[in-house]
Amino acid sequence: QVQLVESGGGLVQPGGSLRLSCAASGSLFRFYAMEWYRQAPGKQRELVARITSGGNTNYANSVRGRFTISRDNAKSTVYLQMNSLKAEDTAVYYCKSSGGDWGQGTQVTVSS
């Protein structure tokens, strides 16, 4: 089991960028695949991006080419670099480990 803490959310204008971070506790981080999800008001939570323990990545069609997931095992942290943000990216973003642990979420609002 790991404790996950997200940070880096905020208010950004359309076309802007944000980088989310998810810091994990414990020594097992490097063995886990890590995922970023998001949930917009009134919508189901959806998978945004995934990175395996070996660094392979997958993205939702809606963010491919704009978002990049990465990890730093030395810092037990996974990142989500979000570029060319759109209003429809507005949501609470959560990280999740393949062990089933969730963070508390961080709000991203894209608005002019």
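Position 1 is the first residue of the sequence, and the numbers go up from there.
With sequence neighbours left out, the side chain to side chain donor-acceptor pair (under 3.5 Å) criterion links T52 to no other residue.
In this structure, L85 and L18 have side chains that are in contact, with non-hydrogen atoms separated by less than 4.5 Å. Between M34 and K96 there is no side-chain heavy-atom pair separated by less than 4.5 Å. Using a 4.5 Å heavy-atom cutoff, the side chains of V78 and W36 are in contact. Within the 4.5 Å cutoff, side-chain heavy atoms of Q104 are placed close to those of V5. Inter-residue side-chain proximity for R38 and R45 is flagged as unmet; no heavy-atom pair is nearer than 4.5 Å.
In terms of heavy atoms, T77 sits closest to S21 at CG2-CB, 4.2 Å. Closest approach of V2 to D101, counting heavy atoms only: N-OD2, 3.1 Å. The shortest heavy-atom contact between S17 and N83 is OG-OD1, 2.9 Å. Closest approach of P14 to S112, counting heavy atoms only: CD-N, 3.7 Å. The minimum heavy-atom distance linking S98 with Y32 is given by the pair OG-CD2, 3.3 Å.
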Verdict with supporting geometry, N56 and R50, side-chain contact (heavy atoms from CB on, under 4.5 Å): CA-CA 8 Å; N56 293 318; R50 185 175 192 269; over 6 Å; no

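Among residues at least two apart or in separate chains, there is no ring pair (Phe, Tyr, Trp, His ring centres under 6.0 Å) pair with a member in residues 47-98. Within the structure, the disulfide (SG to SG under 2.5 Å) test picks out the following pairs touching residues 11-109 (sequence neighbours left out): C22-C95.
A distance-only check finds no donor-acceptor pair linking the side chain of S84 to the backbone of R66 [under 3.5 Å]. Under the 3.5 Å distance criterion, the side-chain polar atoms of T109 are left unmatched by any main-chain donor or acceptor of L11. The closest donor-acceptor contact from the side chain of E6 to the backbone of L20 lies at 3.5 Å or more, if one exists at all. The backbone N or O of F29 lies less than 3.5 Å from a partner atom in the side chain of R71, making a donor-acceptor pair. Not one N or O on the side chain of T106 forms a donor-acceptor pair closer than 3.5 Å with the backbone of S7.
A side-chain N or O of E35 and one of Y37 form a donor-acceptor pair less than 3.5 Å apart.
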